[in-house]
Amino acid sequence: MTLDRRILIASGLALTAGPSVARARSLPPAPGDMVLGAATAPVQFVVYASASCNHCAHWWTTELPAIRKAFIDTGKVRLVFREFLTPPNEFAAAGFLLARRVPGKYFEVLTTVFQKREAIFESGRLWEGLLAIGQQYGLTEAQFTAAMNDTKALDGVNTRFRRAIGEDQVQVTPTFFVNGAPYEGEADLAALSKIFALAAKG
């Protein structure tokens with residue numbers, strides 16, 4: 001798929017529903033995982049989110065900062081981020097392609113996409129909005145265009161999306177797993193503090 005300058009073309013991958021995950025199970029490392037936190041942390045916190053998802057953007061920008069400060073930056077929890085696509089799929093995919101193109105700044109770029117997605121959607125200028133973010137992180141327009149036209153990188157996004165649906169049975173975003181167990185409750189600092197404490201005890 002090529003992302004056109006004037007309109008980002010949908011990936012054509014339909015979101016398919018699957019049975020909900022009902023039991024804890026191992027979530028081994030997967031190609032394309034993006035990780036924050038120490039590898040030795042006793043708790044693995046897997047987050048599936050989409051760059052185009054309003055609920056993901058809200059959680060990422062309002063809840064995650066406190067969780068990161070209390071648990072991830074202190075070595076207690078390792079966050080494993082996995083990309084998912086929700087409508088408009090093309091914007092979600094483009095956001096991930098952009099974040100991966102800026103060396104060493106994946107989470108910073110993704111955070112900026114989440115912060116600005118609403119304004120970009122309201123403007124209707126998706127390409128220009130993402131280009132501005134790329135330029136904010138030092139990409140030229142040519143480098144940004146190359147990122148959007150990177151079919152190999154896009155194939156990786158689509159492969160990870162299919163794996164999320166097929167293997168981890170993810171249906172909505174954000175979706176959370178704590179030490180392999182699906183977690184569906186409140187995902188604020190207070191609630192997750194209790195869940196992380198229980199997970200750390202094994």
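What's counted below: heavy atoms across the whole structure, side chains too, no hydrogens, waters or symmetry copies.
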Heavy-atom pair of closest approach, residues L85 and F161: O-CE1, 3.4 Å
Option from F176, Y183, F45 for which ring-ring contact (aromatic ring centres under 6.0 Å, His included) with F196 holds: F45
Candidates L130, N149, V102 - the one meeting side chain to side chain contact (heavy atoms under 4.5 Å, CB included) with F144: L130
Atom pair CG (L139) and CG (L98), whose distance is rounded to the nearest 0.5 Å: 6.5 Å
Closest non-hydrogen atom pair between N54 and R117, with its separation: OD1-NH1, 3.4 Å
Heavy-atom closest pair, residues I72 and L64: CD1-CD1, 4.2 Å
Any donor-acceptor N/O pair, D168 side chain to V170 backbone, under 3.5 Å: no
CG-OG1 distance between N158 and T151, expressed to the nearest 0.5 angstrom: 11.0 Å
Salt-bridge criterion met for E167 and R160 (N-O under 4.0 Å): no
Side chain to side chain contact (heavy atoms under 4.5 Å, CB included) evaluation trace for Q135 with T140: CA-CA 6 Å; Q135 292 174 329; T140 65; over 6 Å; no
Residues that L198 engages under side-chain contact (heavy atoms from CB on, under 4.5 Å), provided they are two or more places apart: none
Transitive ILVMFWY side-chain link L131 to Y106, under 4.5 Å: yes
Side-chain donor/acceptor pairs under 3.5 Å, residues 29-42, sequence neighbours excluded:
residue : atom : partner : partner atom : Å
D33     : OD1  : R82     : NE           : 2.9
D33     : OD2  : A30     : N            : 2.9
D33     : OD2  : R82     : NH2          : 3.3

Sub-4.5 Å side-chain heavy-atom contact between V47 and V80: no
Close side-chain approach of F91 to V113, heavy-atom, < 4.5 Å: yes
L97 side, atom CG; E83 side, atom CD - distance, nearest 0.5 Å: 8.0 Å
Pairwise distance OG1(T112) to CD(Q136) - rounded to 0.5 angstrom: 5.0 Å
With W60 via ring-ring contact (aromatic ring centres under 6.0 Å, His included) - residues at least two apart: F81, F114
Gap separating the NZ atom of K194 from the CD atom of E186, nearest 0.5 angstrom: 11.0 Å
Close side-chain approach of F71 and L79, heavy atoms under 4.5 Å: no
ring-ring contact (aromatic ring centres under 6.0 Å, His included) partners of F96, counting only residues at least two apart: none
Residue pair T173 / T175, side-chain donor-acceptor N/O under 3.5 Å: no
Trace of the side chain to side chain contact (heavy atoms under 4.5 Å, CB included) decision for W59 with D188: CA-CA 8 Å; W59 180 83; D188 58 16; over 6 Å; no
Residues in side-chain contact (heavy atoms from CB on, under 4.5 Å) contact with A197, at least two apart in sequence or another chain: none
K116 side chain reached by I133 side chain, heavy atoms, under 4.5 Å: yes
Closest heavy-atom pair and its distance - S50, C56: N-SG, 3.4 Å
Heavy-atom pair with the smallest gap, counting every atom of T61 and Q115: CG2-CG, 3.8 Å
Distance-minimising heavy-atom pair for G180 and F177: O-CD2, 3.9 Å
Residue list, ring-ring contact (aromatic ring centres under 6.0 Å, His included) with Y137, at least two apart or on another chain: none
L189 side, atom CG; T62 side, atom OG1 - distance, nearest 0.5 Å: 11.5 Å
